[in-house]
Amino acid sequence: MCGIVGYEGTREACDILIEALSRLEYRGYDSAGIALLGQGTIHIERRKGKVEELRKIVSGAALKGSIGLAHTRWATHGVPSERNAHPHRAGDVVVVHNGIIENYLALKQRLKRAGHVFMSDTDTEVIPHLIADYAEKGRNFTDSVRLALKDLKGSWAIGVLKESERTLVAAKNQSPLIVGIGDGEYFIASDIPAIINRTDRFIFLEDNDMAIFRGRDMRLTNVDGEEVVREVRQVRWTTAMAEKGGYSHFMLKEIFEQSRAISDTLLGRAREEEGEVEFEGVDLPDLAGIRKIWMVACGTSHHACMIGRHMIETNLRIPVETDLASEFRYRDPIVSPGDLFISVSQSGETADTIAAMRDARSRGARTLSICNVLGSTLAREADSVVFTHAGPEIGVASTKAFTTQIAVMFLLMLFIGRKLGTFGCRDVRERLREIRAIPRKVQSVLDTTRSIEAAAERYMSFRNFLFLGRGINFPTALEGALKLKEISYIHAEAYAAGEMKHGPIALIDESMPVVCVSPADRTYKKTCGNMEEVMARKGNIILISDDETHEMAARAAQVIVVPRTIYELQPILSMVPLQLFAYHIANLLGTDVDQPRNLAKSVTVE
Ligand code: M6R
């Protein structure tokens with residue numbers, strides 16, 4: 001999705017902004033632009049394509065200025081092009097925007113009638129025109145911004161620069177925006193990695209907040225002009241965490257970080273000796289009398305929810321309903337007061353997941369978020385939040401966020417089990433021993449990356465893949481297929497193995513490899529039966545199992561053996577080779593692994 005950065009300080013802003021913009025590239029975009037205010041007028045440059053194109057132009061132009069805004073655009077209204085790229089300008093007002101202005105057509109008609117001329121097809125362009133319109137009617141700059149914001153319907157994070165007043169304003173509603181506080185300088189950004197090398201002190205703006213930067217001062221108000229106070233928070237992510245560190249792609253680095261990320265996620269929480277799980281500093285909702293749990297998310301995080309459901313229902317016998325956030329919010333779900341609603345999100349900024357959580361809360365549910373980003377909207381708005389300590393995830397394909405989400409769900413399941421008396425200390429101790437061994441086992445899978453790369457070479461030219469799994473392994477199959485399709489553009493779909501004969505079996509022949517996730521668990525025999533059906537139709541099987549003596553191993557075209565653990569945690573170990581398989585195929589095909597076409601890291605619009 002679109003990315004915003006801004007600077008107000010004493011240094012030359014151009015390089016700072018371009019560098020911050022390149023740190024936002026991972027969010028996905030199709031064009032980029034910059035506005036710099038030097039001594040005189042605002043200078044704007046925009047380019048279709050990569051930030052690098054913009055960098056070439058501005059470095060040649062030796063642009064000067066210590067106040068500025070820059071933007072990466074992910075097209076919603078209007079094709080990717082230079083004239084639709086941000087910043088947009090009206091008079092001496094310049095705007096960058098992330099989000100969607102839902103009533104832009106009505107506003108555009110109104111402004112056109114008042115004589116405004118539009119240069120782009122975007123919804124965004126109404127914002128600078130509205131501000132300029134109020135300014136022409138005699139309002140001062142900040143009042144003009146406030147009034148314009150009140151006219152808007154939809155979602156926005158905006159940066160506004162006014163030439164004549166040398167003032168920068170940042171404001172948000174339902175799209176993320178943060179302020180970084182440096183030494184005599186301020187930054188604005190869509191997220192932390194953009195400016196993590198500049199400061200570790202951040203203000204997470206809330207909906208309807210406006211930050212006004214003028215002459216090295218910052219003032220925080222709401223859209224009604226009333227002063228607001230927001231906490232300055234220190235974030236312990238380091239610059240190195242948001243860089244590739246010698247790996248060819250962020251995705252590969254993040255796959256290899258999983259052992260560390262899971263260890264960090266367990267740290268201080270898995271009290272093996274005591275047989276307890278602690279979430280220090282987390283005020284979890286009262287769990288007494290809990291009758292139903294909801295687990296709602298999008299994409300990869302939704303697959304983690306499906307795994308969480310298996311864990312909780314099997315062990316705690318509490319009914320769990322999972323849903324895609326985009327479906328939940330429009331189906332008038334039957335949520336009862338007192339239900340526990342768990343939203344799961346790496347970014348904490350996924351628009352549908354936020355909306356689903358708000359909906360559940362309005363129906364009386366207690367809300368808990370599993371989230372990776374401090375200060376994100378889900379983390380702030382949920383009654384409680386348990387963080388995954390994965391560190392920044394930059395690759396668009398989610399990897400370490402997924403496995404740490406499963407680790408948190410497992411801890412949560414143990415925690416709830418202890419609270420409700422379903423588990424004794426001994427039960428928890430035994431299970432904690434298993435999860436403590438997971439980082440080491442993950443590492444042993446990572447060590448086999450060469451052989452997985454060799455398998456990728458064998459399969460890179462196939463155009464269709466089917467992924468199968470049963471029970472807790474079905475979401476693993478779904479996630480394996482999602483990883484492959486999103487970064488390699490190969491068609492891959494996943495089915496619950498038992499469902500194959502109800503349709504997809506018609507597709508099977510020698511040109512359709514079938515990835516079967518089949519550990520030696522309660523689903524083993526049944527999945528073997530499905531593999532027989534595939535082989536009877538000349539299908540090639542790629543088998544992922546913890547069982548070296550798997551009865552289908554000798555007849556599978558490819559076998560990948562992973563270490564064994566308990567049922568609830570096996571998806572972590574089965575998933576790692578599938579991540580590597582997808583990565584190596586995409587890398588061999590030469591796709592843009594970290595920023596696959598059409599995709600955005602954080603889906604902040606509906
Ligand atoms: O930040 P979130 O976990 O809420 O994001 C949800 C999905 O957009 C995300 O998992 C997406 O499916 C990834 N590209 C998958 O790799």
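Bear in mind the structure is a predicted one, so any value in this text is a computation, not a measurement. First listed ligand is number 1; within each ligand, the first listed atom is number 1.
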At under 4.0 Å between heavy atoms, what of K601 touches ligand 1? The answer is neither
Note: E349, heavy atoms under 4.0 Å from ligand 1, region reported as neither
Salt bridge check, [Y] against [X]: does any charged N sit closer than 4.0 Å to a carboxylate O?
X	Y	answer
R331	E321	yes
R380	E231	no
R236	D264	no

Protein heavy atom at shortest distance from [atom]:
atom	answer
atom 8 (O) of ligand 1	V603 CG2, 4.0 Å
atom 1 (O) of ligand 1	S347 OG, 2.7 Å
atom 12 (O) of ligand 1	G299 CA, 3.3 Å
atom 14 (N) of ligand 1	E486 OE1, 2.9 Å
atom 6 (C) of ligand 1	C298 O, 3.3 Å
atom 5 (O) of ligand 1	T350 OG1, 3.5 Å

(message) For the 3.5 Å polar cut-off, considering only N or O atoms, please tell me whether T353 and ligand 1 meet it.
(response) no
Q. With only distance considered, is T300 within less than 3.5 Å of ligand 1 through an N or O on each side?
A. yes
Enter the distance from I370:CD1 to S384:OG here, rounded to the nearest 0.5 Å.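 Going from the CD1 atom of I370 to the OG atom of S384 covers 11.0 Å.
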Report, in ascending order of atom number, the atoms of ligand 1 lying under 4.0 Å from any heavy atom of [X].
X	answer
K483	15 (C), 16 (O)
V396	13 (C), 14 (N), 16 (O)
A397	16 (O)
S301	2 (P), 3 (O), 10 (O)

### Task
Show the numbers, then the answer: is there a side chain to side chain donor-acceptor pair (under 3.5 Å) between T449 and H584?
CA-CA 9 Å; T449 186; H584 286 304; 2.8 Å; yes
(Q) Centroid separation under 6.0 Å, is that true for the rings of Y247 and Y583? (A)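 Aromatic pair excluded; centres sit 6.0 Å or further apart.
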Under 4.0 Å, counting heavy atoms only: does L599 come that close to any atom of ligand 1?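 Under 4.0 Å: no for L599.
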* To do: May I ask whether H302 has any heavy atom positioned less than 4.0 angstrom from an atom of ligand 1?
  =>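 No, H302 has no heavy atoms under 4.0 Å from ligand 1.
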Is the Y567 ring parallel, tilted or perpendicular to the H310 ring (thresholds 30°, 60°)?
perpendicular
For side chain to side chain donor-acceptor pair (under 3.5 Å), just list the numbers for D339 and W294, CA-CA rounded to whole Å, side-chain angles, deciding distance to a tenth of an Å, and then say yes or no.
CA-CA 7 Å; D339 284 359; W294 294 81; 3.0 Å; yes
- Could you walk me through whether L573 and D546 pass the side-chain contact (heavy atoms from CB on, under 4.5 Å) test, one step at a time? CA-CA 9 Å; L573 299 177; D546 60 347; over 6 Å; no
Open item on the list: Please check this pair: side chain of T404 against backbone of I262, looking for a donor-acceptor N/O pair closer than 3.5 Å.
Closed with: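 Side chain of T404 to backbone of I262, a donor-acceptor pair under 3.5 Å: no, none is there.
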